[in-house]
**Student:** 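Shown below is the structure under consideration.
In the text below, chain A, chain B and the rest are named by the order of the sequence lines, each starting its count at 1. Below, all heavy atoms of this structure are taken into account, side chains as well, without hydrogens, waters or symmetry copies. Predicted model, so just to flag it, every value in this text is computed and none were measured.
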Amino acid sequence: MVVSVILSSCKTDYDTDVATLVITSGEADFSNYVALGNSLTSGYRDDALFINAQEESYPNIIAQQMKRAGGGTFTQPLMLDNIGGFSNLNMMGKLTLKVVDGDLSPVPTPATSPFTPISGAFNNMGVPGAKSFHLLVEGYGNPDLHEIGSRRSNPYFARFASSPLTSVLKDAMAKKPTFFSLWIGNNDVLSYATSGGVGMDRTGNLDPRTYGYEDITDPQVLKASIKGVLDGLKAVDATKGVIANIPNVENIPFFTTIPTNYLTPYVLGKKNQAQGEVMIDQLNQSLYGVLNQVLTQLGHGDRIKPLSKTKANPFLMKDETLEDLSNQISVALSPVLGVQTARVFGMIFGQARQTKEGDLILLTTKNDIGKQPDKQQYPYAQQPLNAYGITFPLQDKHVLIPSEITAIKNATTAYNTHIKQLADDYGLAFVDANAKMKSLSQNSGIQFDGVRYTTSFATGGAFSLDAVHLTGRGYAVIANEFIHAINVRYQSTLPKVNPNKYSGIQFP
Amino acid sequence: MKKLLITVSLLAGIAVYAGGFRVSLQGVKQLAMAHTSAHADDASVAFFNPAGISFIPAKFSIVAGGFAVQTKVNYQNRENLGNYNTNNPLGTPIYAAVAYKPVDNFSLGFSFTTPFGSTIDWGSDWAGKELVHKMSLKSFFFQPMVSVKLAPWVSLGASYIYAKGQVDWTRSITQLGGTMNIKDTEAKGHGFTMGFYFRPDEKLDLSVAYRSPVDMKAEKGIATFNVSPTLYPRLGLDSQGKDKFKATLPLVEEYTLAASYQLTPQWKVSADFNYTLWSQYNRLIVDFENAVVGNQIADPTLSITPKNFQNTKTLRVGTEYHFNHKIAGRAGWYFDESPYSNNWFIPETPSFNMNVVTAGLGLKFGNLGIDLAGAMAFAKHRVFNNTYYNFSGQAKLKAFYAGLGLSYNIK
């Protein structure tokens, strides 16, 4: 009796054991969950789609939790192997880390499986590369290799499209979902961003048939497209679901890993500090000093300044928004360099400046630094003016300049306003992916059970080797956001997952 | 003197204790009475209060004993349904002591105990793997001592503590796809104990004792990183993936106030109050030689982790009844506080507020004494959220102890 008195006053056991928790679906019906979206929805990571990645897609993670509350089987259009890509379409397989020149670098794997259509109506209908309006395009999944080659058709949809002329929406409607998720709009601005802003901002142009792939979609077009998808689903009684908004590009490591000041003597000297310092002296004497003098005379001395031997230096880049001083440079340098050389200088550096705070350097630019520019495109990129970023300016495709970033930001903000409005109008659960990415990109990141997640490249844990798509862990973090939003909106009690249980970057 | 068999292994590890990693198991007879300490029957009093050896009713006394400690901790998480149990090895704290009274008012003694320790094994794939897979802390205290009777009813004693220790801690480094282990088998520390023991009349014993902090210094630590060798240069490791480290663990100071009273010639009641100054353990500093795996911006080889332990109180009540001159029965209860609050819960040293019920038997065969003890802990489960790690959930503990001790007194 004494023992029981002590026991009862002690509460040695939990109030509720997790094994006895009942998981409910609340007002929702999870029996047939269909996921719509782009690469982020398909599980794409390390620049490819492959089986292990698809198994850790956020819809698959959510579906496993839904199984405890009446969720049905969740099928995905699995690729043929764990490499991805399409061997007959010149599309490479996944990136893996390899030691290159003594440093760990992501290296693509050649694809070993060809593009192979599979049949079935799949629950995960995420299509890598899809923009908002693509979900409504009939023929977007045409398996004809000519259509694919001309980019009228997308092989990732063509793999599982029910017919050559169907659309993603039509196939989704045919599946008669009881619940759906929709995360689309990233590519509407990201394709412009990852190309370095070489495309056009199509804001004001309401006809997507005129767009190039690297253009920014007009926000009204995005809104109408998403509305079209939601109306289509509504027509087959799929009225319950969750929608997510778009992260900002400056929270994605693809744009934030290479700093604007990168060229240290150590880097310039190819890991030799002393050699780098000698090189800086030579560059200042033969190029930077000359350019700075000329530009100062022309009243634009702040465009290019001599290199420092004690600090990291900016890159040389071409900014097409600058006043073109080609002729003036040419004229000013003729007496010093001779007419021919002065003309070349003028052509190359007419709109050149150094990168500065406010520019964003693409991760892929790293591969071009110091390299010879393509001679066909830039015939005047001759010795010694032939090292990208150092003696030859980085081009539009390498850098996002402030005006391009503003266009991206304006589009993203407009998209997100529309997405939130549509979520409210259609009574859907809403995921603020934009806010989540913002917290992840703070210096301290986010912790889960002592494991720190940041947006740092390779060691941050959340982003995969392509620095745009997430790792298994990153997708699990997003899945938890979706689960939380679903639980809030539909009073379900879906359990979250532990992100640390999923895969991160593999080191060799 | 009969030969004593000490077959228990020198594994002094014990899994979990209410008081952080303090293992209050230094006397089997004492454990049976809720580990109260105002008992000067044999040399086992040496650890509790060096002054007590002056009141041992023998010229020469020797004791030895050991315990078996079985613990299991469970962790669950209601958000993601995680549920994990430890698989802790049996803990086996041991002790031995000897006391010699060449003249009536002067005694010499020596005590060997393992008063701090902890072995927890969560396995390599549980929710808190980034904090700990398995951790083992061991300490060995060697205490020579003297005690002087200032008057027939009071003695003053003091001991020097020479401590040796070991740490072996494995945890994950999840974002680098591997694990790390820190190990030092040669940690050392020093301290002292002192106390007064009073016997104002033959019914009442009073013990006042103090043990100083013993700062266990690990100066020869080796950190081993089980990650891709391509990461060794970036992390500052040698070609084997190792680095050296230094760390200090405070084995904190403790005050004890104890009393025993003979209600009748057969029946004794005892009570103890311990005050342990755990607040000295407010952070753990691990200083790596080259590895840049620390968390200080100014020095990336330095890792400083807040622990924020708090001082704790323990209340013990015990009793002993001699059925005849051969057999005595013992029982007790004590309440032990955890040294940290719910937002500082750490799975490498899980700790709970608990009530412990104890019982035991003492058998006397001439000069030889055989003591048996057992105890069962009733630990209050915890609902915790350590915001420093963003590690939250619930935990509960089951713990059983058993002890066997021998004593031999020569009058």
**Student:** Name the region of B:Arg171, side chain, backbone, both or neither, that has any atom closer than 4.5 Å to a heavy atom of chain A.
**Tutor:**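 Contact with chain A: none, neither part.
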**Student:** Relative to chain A, which segment of B:Leu176 carries a heavy atom at a distance below 4.5 Å: side chain, backbone, both, or neither?
**Tutor:**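 Backbone plus side chain of B:Leu176, per the 4.5 Å heavy-atom cut-off to chain A.
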**Student:** If we define contacts as heavy-atom pairs under 4.5 Å, which of B:Leu231, B:Asn386, B:Ile173, B:Asn77 has the most with chain A?
**Tutor:**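 Winner by heavy-atom pair count: B:Leu231.
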**Student:** If you take the centroid of each ring, where Trp contributes its six-membered ring, are B:Trp344 and B:Phe309 closer together than 6.0 Å?
**Tutor:**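 No, the ring of B:Phe309 stays outside the 6.0 Å limit from the ring of B:Trp344, centre to centre.
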**Student:** Within residues 499-508 of chain A, which residues come under 4.5 Å of chain B, heavy atom to heavy atom?
**Tutor:**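 If one takes a 4.5 Å heavy-atom cut-off, the residues of residues 499-508 of chain A near chain B are A:Asn500, A:Lys501, A:Phe507, A:Pro508.
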**Student:** State the CG-CZ distance between B:Asn83 and B:Arg78, to the nearest 0.5 angstrom.
**Tutor:**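 B:Asn83 atom CG to B:Arg78 atom CZ measures 12.5 Å (nearest 0.5 Å).
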**Student:** Please name all residues satisfying side chain to side chain contact (heavy atoms under 4.5 Å, CB included) with A:Lys311, sequence neighbours left out, ordered by chain then number.
**Tutor:**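 A:Ser308.
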**Student:** Could you pull out all residues at least two apart from A:Ala429 that satisfy side chain to side chain contact (heavy atoms under 4.5 Å, CB included)?
**Tutor:**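 A:Ala429 satisfies side chain to side chain contact (heavy atoms under 4.5 Å, CB included) with A:Val242, A:Ala485, A:Arg489, A:Tyr490 only.
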**Student:** For A:Asp17, is it the side chain, the backbone, both or neither that has a heavy atom under 4.5 Å from a heavy atom of chain B?
**Tutor:**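 It is both, since atoms from each part get that close.
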**Student:** Could you have a look at A:Thr459, A:Leu104, A:Ile23 and say which one has the most heavy-atom pairs with chain B under 4.5 angstrom?
**Tutor:**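 Option with the top pair count is A:Leu104.
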**Student:** Between A:Arg452 and chain B, which part of the residue has a heavy atom less than 4.5 Å away: side chain, backbone, both or neither?
**Tutor:**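 Backbone only.
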**Student:** Heavy atoms only, distances under 4.5 angstrom: which of B:Asn80, B:Val383, B:Asn74 has the most pairs with chain A? Name it, please.
**Tutor:**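 Of B:Asn80, B:Val383, B:Asn74, B:Asn80 has the most heavy-atom pairs under 4.5 Å with chain A.
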**Student:** Between A:Arg473 and A:Glu56, does any side-chain N to carboxylate O distance fall below 4.0 Å?
**Tutor:**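 The answer is no: the pair does not qualify as a salt bridge.
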**Student:** At a heavy-atom separation under 4.5 Å, does B:Ser172 approach chain A through its side chain, its backbone, both, or neither?
**Tutor:**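 Contact with chain A involves no heavy atom of B:Ser172 at all.
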**Student:** With respect to chain B, which residue among A:Val99, A:Leu494, A:Leu21, A:Asp15 yields the maximal number of heavy-atom pairs within a distance under 4.5 Å?
**Tutor:**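 Looking at each option in turn, the highest pair count goes to A:Leu21.
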**Student:** Just jot down the salt bridge (Lys or Arg N to Asp or Glu O under 4.0 Å) partners of B:Asp238, sequence neighbours excluded, or say none.
**Tutor:**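 Once residues adjacent in sequence are excluded, B:Asp238 has no partner under the salt bridge (Lys or Arg N to Asp or Glu O under 4.0 Å) criterion.
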**Student:** Any cation-pi pair here, B:Lys307 with B:Tyr340, using under 6.0 Å and within 45°?
**Tutor:**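 Checked: cation-pi criterion not met.
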**Student:** Looking at A:Asp47 and A:Lys94, is any side-chain nitrogen of the basic one under 4.0 Å from a carboxylate oxygen of the acidic one?
**Tutor:**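 Looking at A:Asp47 together with A:Lys94, the answer is no, because their closest N to O distance does not fall below 4.0 Å.
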**Student:** When the aromatic ring centroids of A:Phe74 and A:Tyr33 are compared, is their separation below 6.0 Å?
**Tutor:**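 Yes.
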**Student:** Would the B:Phe391 and A:Phe448 ring centres measure less than 6.0 Å apart?
**Tutor:**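 Between A:Phe448 and B:Phe391, which both carry aromatic rings, the centre distance is not below 6.0 Å.
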